[in-house]
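In what follows, chains are A, B, ... by sequence order, proteins preceding strands, each numbered from 1.
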Amino acid sequence: MTTPRRELPPRYDAAAVEPAIYERWMAADAFRPADEAPPGAAPFVIIQPPPNVTGALHLGHAARTTVEDTLIRYHRMRGDDTLWLPGVDHASIAAQFVLDKIIAEEGETRASLGRERYLERMWQYMDATRETISIQHRRLGASADWSRLRFTMDEGSARAVRTAFKRLWDAGLVYRGEALVNWCPRCLTTISDLENVHRDEMGTLWTIRYHLERADGTPDPESWISIATTRPETLLGDTAVAVHPDDERYRSLVGRHAILPFLGRRLPIIADEHVDRTFGTGAVKITPAHDMDDYELAKRHGLRAVTILDEQARINAEGGDFFGRDRYEAREAILDRLRETGDLEAEEPHPMVVGHCDRCGTVVEPRLSVQWFIRVKPLAERALASVREGRTRILPPHFEKVYAHWMENIHDWAVGRQLWWGHRIPAWFCPDGHITVSDAAEGPDACSECGRPSNELRQETDIFDTWFSSGLWPFSTLGWPDETDDLARFYPTTVMETAYDILFFWVARMMMLGLFCTDVEPFKTVYLSGMIRDPYGQKMSKTKGNVVDPLETINEIGADGMRFALVTGTSPGNDQRLTKAKLDGGRNFTNKLWNAARFVVGVMPEPLAQPEGEATLAERWIASRLADAVERATRQLDDLELAAYAASAHEFAWTDYCDWYLEMVKVDLRREGASDGERSRAWHAAEGALATVLQLLHPIVPFVTEEIWAQLASDAGAGGRSTLLISAPWPAVGQRDPVAEAEMAVLIELIRGVRNARMEAGAPASARLPLTVVPANAATRDGIERGLDYLAALARVGPIDLRQPGDDRDRPELVSSTAGAAAWLGGEPSAVSDAPSRQAANEAHLRRGVERLRLLLAGDFAERAPAAVVERERARLADLEAQLRLLTGG
RNA sequence: GGGCGAUUAGCUCAGCUGGUUAGAGUGCACGGUUCACAUCCGUGAGGUCACUGGUUCGAGUCCAGUAUCGCCCACCA
C-alpha cells in the first residue's frame, strides 16, 4: 500500500481558515450538550455574562470569552456534561443613551416618538446588534450553545422578573416610598448609588450672609449669620440654618430665624451634632430636597423639603425670579445678586467630590421622589454567608474581602427607573391607593385589597434597573421559575467568569437574588478577570483613541493568536497591558504549530510500512515528556490557572516537541540503513505525539489545532482519528519513563555545552568538529551511546570518540562539562582558541558550588530541615563533586 | 476618612501551601541560506525580587512598618 505524499500549504492563513472551521463545528452540532447527561459525567456550566446589546465587541469581551471558551472546551473534551449558554443584556439606560443619540441624528427625540414608537425603534436596533454580537463571538471561536441564546428582554426573562419581584413583595422585601435618590438630569432617570460615580473636582466654597430676622419679621441689615456652601443655587430650597449645639459663636442665635435672600423665607436656626464646627463658618444652610445630609437632618428636625429643580435641573416655580434657569446659570445669577447686595462674603477654591452619571457623565442631582426599593439586608446576609462559608469562592481570593465589605454596608436598592426600555414593574395602583403586585403576564384581575376590577387599575410606568433582570440570569436562562429539566441538570452553574468592575453591580445581585429565588448559590466559583489596558496602562476608550478592535486584530493575526495573547501572562483580578509584541507572540505560536505539522506531514515515509523495531531514545523521551505535559495541563485547567496552562503547554510544544524532539526525529527518519518499518515507526511516533499536542492545545488555540487535526486525519497514518478535534477526548496521562528522561537530560546538557563551547571558540557554524566524550559512569555512557547520532547532528560534531568512564588520555583542548559527562572539542587550532580559560572557569564554578553546599550541609540546615530537602542538597553536592573529578581527571 | 492591590530582567508579566543557581515572552548582543518555520534556529548578557526591621536552619514567598503608584468604598456643606 502506498500513500501519496501530502503537503500542507506553506502559510497558514488564519483569517481565511478560521471561519470555515467554525462552520465545521456548527455543522457537527459540536457545541450542544448531549440530549441527556452522560451517566456519571460531572456538569460543567458557564452562563455567559451577557454583553450589552449596545456595544460592539471589545477586547474585554474577547478576553473573557477566551477564558470561558478555553474552560468549556477543556471540560467538553473531558467528557463532562458541559453547557455554555450565551446571552445578551438589554442594558436599559445604556441602550436608551445610544438610541437617543441615533434618533437625534434623525431629528427625533424620545418625546417626539412617544413610548410605543420609541420601543419599536429599540427592538429594531436590538435585533441588529444582537446578531452582530453573536457573529463577533463566533469569530473568536466561542463554542457556546447558540441554540440557547438568551436575551434579558425575552419572555423567559420577563417571567422570571415578574415572579422574583412578586416573591420579594410577598416576603415583605419590597417597599415604595419617598426618598432622596440620585437623579440624572440628562438620562432623566433615577440611578443607583453604584451608577453614581464620584470624581474629585476643584470647586468653590462661597460664604454667604443670611440676615437675621428682626422683631418685625424683616431682615436686619446689621446682623447676619454667615453660611458656607459649594452650591449657592440650592439656597432657594433652604428651610433652615444649622450650627453645632456646642458652638459658642452661635449659641445665642439658636432658636432665632434668618431670612433667606431673594425669597424672604424664614429659616429657623437649629442645633445639630452633625454640623462640623471647623468647616467653613460652622454654620450650614439646610436644603433637604437637594442634599443627602440635609435630608437626613431635616427628617430629624421635622423640616419641610422644598424642591426647586425640575427634572432637567432647571429652577422651578419655587425659585422666584430665577425660574426656568439651568442650575449653573442660576448659580451665577444668584452669586451676582449677592455680590450686588454685599452679602457674598468670601469665595475660595475648594476640593470636593462630585457625583456623575456613570452613563453620560452629567452631574447627578439628588432628587426627592417616590421610588421602589428592595430591602436587601436579609438577602445580603445570606449572600455573605455563602462566600464566608466557602459554598461560593471568589478568585482571586482577596476579592472576597471586597465583596464582604460591600455586603456588610449595603443600602436598600432603588430598583425603579424612569425609562422606557426594560421590564415594567408589575405593580398596579387602584384609585384608592392600594398596590397590587402580580406575576401574571396579563396583570392582576382585580385590586388585591379592595377587589376593584383590573380596568380601574393603572400599572406603574417605571421599569426595573437593568441589573434586576441580570441578577436572575443564571437561572432565568434555564427555565426558572418552572422546575425544568435544564434547571435540574445545569443549575447551580459552575464558573461565573466576569470582570471585577461589575462585582457589585452583577455578581453580588446574582448571589442575593439567586439565593432568595432558588435557595442555592447560583455558581460555585466566581472567576474575576482584569481589565485590558493599552501599552501605557491607560484604560482603552474611544475618546482617547487607544482602542484596539478585536475583529481587526483577528483579521490580522487570527483568533488563535489573539486568544493566546489575551490569556498568557495574566492572573485573575489583575489588569493587563496589551502590546503589539504580545499579540505577535500569539500569532507566531500558531505559525510554529502549523510548520511543525507541515514538517510531520511532509516527512511521512513512502511507503508507510508496518512499524517495527524498538522505540528510540527520542521516542521514549517525548512520550514521557508528553505524559508530564498532559498531567500538568490537566491540573492547571482544573485549578483555573489558565495562564499557567497556556504558558506550559506553549513551552512544551515549542521547546520539547519542536526544538528537541523534531530535530531528533529527523535523525531517526534519515538514519542510514533504517528499514521502512523503522522509519514508519519513527514517523508514527512523531505524528502521534503531534496529535496529543493538538489535543493539549485545543482549548486555547482551537482553530489551528482543529485544522491540523483534519490534515492528520486525512493521512493514512492517523486512522481512527477522523472525528473533529473539538469532540475528541482529552488525552490520558501516559507513563513516565525516568530512564529516558535522565538519559536525554544528559544528552541535552551535552549538546548545549558543546554548542556553547563552539560559539565561544568562534568555530564556524557549519564546521563539523571532532568530539571526545568521557562519561561519568557506565550507565551514562549507555545513554550517550543511544543518543550518539542526535549528539552528532544537533551539536554538529564528528567523529565522536566516546570513551570509557575515567579515560581522559590525550584529550583535545576545548572543554564542556556537565553532570553526566565531560567533553573535549577538537579541531583546527584556529577554530578552537581560548581553551585554557574555559577549563579554568568551569573548574572555578564547580568549586564554588561545592564549597557553598558543603558549608550549607555543615550548618544547622542538616539537622533542622526536612530529610527530603537535605537529601536533595546532598545529592547535588555529590553531583558537583563528580563533575569536578570528571573535569580534572582526578 | 476607611479598605484593597501592585512594586520581580530595558519593557510586559508569571512565580501555588516558605526549600536547588528566581522564570517566560519581548527587547538587546553575537552567530546562522543544514531540505517545517527568518512569524525561524543557535548562543549569550541583563535581576540586592521597592525600602527597613522581624519570624525561620532557610524568605521573592510569612509578619510589622515605610515609600511610590493604582483601584474600590464613603452623606463633611
Of the listed nucleotides rC37(B), rC41(B), rG19(B), the one nearest the side chain of Asn595(A): rC37(B)
Answer with yes or no whether [X] presents, from its side chain, a donor or acceptor under 3.5 Å of a partner atom in the base of [N].
X         : N       : answer
Arg577(A) : rU12(B) : no
Arg872(A) : rU20(B) : no
Glu7(A)   : rA36(B) : no

Pull out every protein N or O sitting under 3.5 Å from an N or O of nucleotides 70-77 of chain B, one pair per line with the distance.
{"residue": "rC75(B)", "atom": "O2'", "partner": "Asp293(A)", "partner atom": "OD1", "Å": "2.5"}
{"residue": "rC75(B)", "atom": "O2'", "partner": "Asp293(A)", "partner atom": "OD2", "Å": "2.3"}
{"residue": "rC75(B)", "atom": "N1", "partner": "Asp293(A)", "partner atom": "OD1", "Å": "3.4"}
{"residue": "rC75(B)", "atom": "O2", "partner": "Asp293(A)", "partner atom": "OD1", "Å": "2.3"}
{"residue": "rC76(B)", "atom": "O2", "partner": "Asp276(A)", "partner atom": "OD2", "Å": "2.9"}
{"residue": "rC76(B)", "atom": "N3", "partner": "Asp276(A)", "partner atom": "OD2", "Å": "3.0"}
{"residue": "rA77(B)", "atom": "N6", "partner": "Asp276(A)", "partner atom": "O", "Å": "2.8"}
{"residue": "rA77(B)", "atom": "N6", "partner": "Phe279(A)", "partner atom": "O", "Å": "3.4"}
{"residue": "rA77(B)", "atom": "N1", "partner": "Asp276(A)", "partner atom": "N", "Å": "3.4"}

If every non-hydrogen atom of [X] is compared with every non-hydrogen atom of [Y], which pair is closest and at what distance?
X         : Y         : value
Val797(A) : Arg768(A) : O-NH1, 3.0 Å
Ala499(A) : Met531(A) : CB-SD, 4.4 Å
Leu857(A) : Ala862(A) : O-CB, 3.4 Å
Pro232(A) : Leu335(A) : CG-CD2, 3.9 Å

Under 4.0 Å between a Lys/Arg side-chain N and an Asp/Glu carboxylate O for [X] and [Y]?
X         : Y         : answer
Arg876(A) : Glu873(A) : yes
Arg209(A) : Glu345(A) : yes
Asp639(A) : Arg635(A) : no
Glu851(A) : Arg854(A) : no

Nearest whole angstrom, please: distance from the [atom2] of [N] to the [atom1] of [X].
X         : N       : atom1 : atom2 : answer
Leu593(A) : rC37(B) : CG    : P     : 15 Å
Arg632(A) : rC16(B) : CZ    : P     : 16 Å
Met407(A) : rC4(B)  : CE    : C1'   : 17 Å
Tyr12(A)  : rC40(B) : OH    : P     : 17 Å
Phe564(A) : rU39(B) : CZ    : C1'   : 14 Å
Lys592(A) : rC37(B) : NZ    : P     : 10 Å
Glu663(A) : rC35(B) : CD    : P     : 11 Å
Leu583(A) : rU12(B) : CG    : C1'   : 12 Å

The single option from Thr234(A), Asp294(A), Thr239(A) passing side-chain hydrogen bond (donor to acceptor under 3.5 Å, both in side chains) against Lys285(A):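 Only match with Lys285(A) under side-chain hydrogen bond (donor to acceptor under 3.5 Å, both in side chains): Thr234(A).
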Look at all strands and tell whether [X] reaches a base, only sugar-phosphate, or nothing, counting heavy atoms closer than 4.0 Å.
X         : result
Asp501(A) : nothing
Arg670(A) : sugar-phosphate
Pro866(A) : base
Thr568(A) : nothing
Arg755(A) : sugar-phosphate
Glu863(A) : nothing
Arg876(A) : base
Ala643(A) : nothing

Chi class for rG23(B): syn within 90° of 0, otherwise anti: anti
Range-with-range stems of RNA chain B (Watson-Crick or G-U pairs under 3.5 Å, three or more in a row): B:1-7 with B:67-73, B:10-13 with B:23-26, B:28-32 with B:40-44, B:50-54 with B:62-66
Pairwise [atom1] distance for [N] and [M], with rounding to whole Å:
N       : M       : atom1 : result
rG2(B)  : rC49(B) : P     : 32 Å
rU55(B) : rC73(B) : C1'   : 34 Å
rU66(B) : rG1(B)  : P     : 14 Å
rU20(B) : rC62(B) : P     : 16 Å
rG19(B) : rG60(B) : P     : 10 Å
rA29(B) : rA67(B) : P     : 41 Å
rU26(B) : rG70(B) : C1'   : 24 Å
rG18(B) : rG27(B) : C1'   : 33 Å

Once you round to the nearest 0.5 Å, how far does [atom1] of [X] lie from [atom2] of [Y]?
X         : Y         : atom1 : atom2 : result
Leu747(A) : Tyr790(A) : CG    : OH    : 8.5 Å
Met562(A) : Ile557(A) : CE    : CD1   : 7.0 Å
Asp238(A) : Thr229(A) : CG    : OG1   : 7.5 Å
Arg755(A) : Leu750(A) : CZ    : CG    : 11.0 Å

Nucleotide N/O of nucleotides 24-26 of chain B paired with protein N/O under 3.5 Å:
none

Whether Phe279(A) and His350(A) hold their rings parallel, tilted or perpendicular, with breakpoints at 30° and 60°: perpendicular
Phosphate-side-chain proximity, Ser571(A) and rA14(B), N/O vs OP1/OP2 below 4.0 Å: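 Ser571(A) to rA14(B) OP1/OP2: side-chain N or O found under 4.0 Å.
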Closest-nucleotide ordering on RNA chain B, the 5'-leading residue of Val600(A) and His398(A):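 Comparing both residues, the 5'-ward one is His398(A).
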5' priority, RNA chain B, between Ala765(A) and Lys401(A) [closest heavy atom]: Lys401(A)
Over-ring placement of Lys592(A) relative to Tyr657(A), 6.0 Å and 45° cut-offs: no
